[in-house]
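Take a look at the structure below.
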2 protein chains.
Amino acid sequence: MRPLYHPPLDEITVQGILYALSDPVRVRIFTQLARADCAKTCSEFLHVRKKPLAKSTLSQHFKILREAGLIRSERMGVELHNSTRCAELKKRFGPMLDAILRAYELEARSS
Amino acid sequence: MRPLYHPPLDEITVQGILYALSDPVRVRIFTQLARADCAKTCSEFLHVRKKPLAKSTLSQHFKILREAGLIRSERMGVELHNSTRCAELKKRFGPMLDAILRAYELEARSS
DNA sequence: TCCATTAGTTCTATAATACAGAACAATTGG
DNA sequence: CCAATTGTTCTGTATTATAGAACTAATGGA
């Protein structure tokens, strides 16, 4: 089992971020992590919006978020503790991420 | 041949926009359109960054941009005149699009 | 120590999507 | 009306996504 890869800040791409955030499940995961004040495990997201997700699928989604540079996952015993890399990302991409999250939020409210 | 579909402003989604802009060819097309002061035809993009594109592929890319609500395509004789819907989009999504384009621009400069 | 449990990952097969060549459609100019 | 031009749609292949099954890693107890 290969170690979890986290790209360094300067290898993170806009393309990768947009792709990662163009999926509703991943957006949900990311926004929950962004809102949370402490790290969350993967399995907390096995039921996203009432839709049961296979854990292999969920694992893939986390991998995509991680390798896009959006989140950081640390092994803590048997589980992974996931948190966002928002602070770093803000340094590199300015207001982009905030603007995206805000747009998603507004969209959710209006529907 | 079915008429070109342009979603009304309130049916445009963040997800659709991010997905459309997570492909380098489409980003190139969109940014060129955004910079241009007049509409551009599809075939002007047959060579994007020295890579020859099949016109069927290009057509698909335009369709994705169009149906994501990012561009508007009008038949003018035998060709299509494409332009962005930036003004409308700004009303609905605020600074998101600008922030994305700016991030892509900075990324391009630094590489 | 060893076994059961828990949390995630990887493997494998199938379903959905992207790409590009070929045929087609629509418009215009000669 | 025919030829040329621009773009779309059709069709087959290649890549990517999903989810079940098997596997790995860490822990807590008997």
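By convention in this document, chain letters (A, B, ...) are assigned in the order of the sequence lines, proteins followed by strands, and residues within each chain are numbered from 1. Everything numeric in this text was worked out from a predicted model, so none of it was measured.
An OP1 or OP2 oxygen of C:dT9 is reached within less than 4.0 angstrom by a side-chain nitrogen or oxygen of A:Arg66. The side chain of B:His61 contributes no N or O atom lying less than 4.0 Å from OP1 or OP2 of C:dA18. Under 4.0 angstrom from either OP1 or OP2 of C:dG21 there lies no side-chain N or O belonging to B:Ser56. At C:dA18, one or more side-chain N or O atoms of B:Tyr19 fall inside 4.0 Å of OP1 or OP2 (strictly under the cut-off).
With 3.5 Å as the limit, one finds no donor-acceptor pair spanning the side chains of B:Arg72 and B:Ser83.
Residue contacts for B:Ser43: at a heavy-atom cut-off of 4.0 Å it reaches the sugar-phosphate backbone alone, with no base atom in range. The residue B:His81 sits apart from the nucleic acid: no heavy atom pair falls under 4.0 Å. At a threshold of 4.0 angstrom between heavy atoms, the contacts of A:Arg26 with the nucleic acid are absent. Within 4.0 Å (heavy atoms only), A:Leu4 reaches sugar-phosphate atoms of the nucleic acid but no base atom.
With rounding to whole Å, A:Glu44 atom CD is found 9 Å from C:dG8 atom P. Whole-Å rounding puts the B:Lys55 NZ to D:dT8 P distance at 10 Å. Between the CZ atom of B:Arg75 and the P atom of D:dT6 there is a distance of 12 Å, given to the nearest Å. Here the P atom of nucleotide C:dC19 and the CG atom of B:Asp23 are 6 Å apart, to the nearest Å. The nearest whole Å value for the distance from the CD atom in B:Gln60 to the P atom in D:dA14 is 19 Å. Atom CD in A:Glu79 sits roughly 13 Å away from atom C1' in C:dT5 (whole-Å rounding). Atom NZ of A:Lys63 is separated from atom P of C:dT10 by 6 Å (rounded to the nearest Å). Whole-Å rounding puts the A:Tyr5 OH to C:dT9 P distance at 17 Å.
Between B:Lys91 and B:Glu88 there is no salt bridge, since no side-chain N of the basic residue sits under 4.0 Å from a carboxylate O of the acidic one. The pair A:Glu105-A:Arg109 counts as a salt bridge, with a side-chain nitrogen and a carboxylate oxygen less than 4.0 angstrom apart. A:Asp98 has a carboxylate O that lies under 4.0 Å from a charged side-chain N of A:Lys90, or vice versa, which qualifies the two as a salt bridge.
You'll find that the side chain of B:Met1 is closest to D:dT8, out of C:dG8, C:dA20, D:dT8.
Taking hydrophobic clusters as Ile, Leu, Val, Met, Phe, Trp and Tyr residues chained together by side-chain heavy-atom distances below 4.5 Å, A:Leu4 does not share a cluster with A:Ile29.
With hydrogens and angles ignored, no donor-acceptor pair closer than 3.5 Å exists between the side chain of B:Ser59 and the base of D:dG7.
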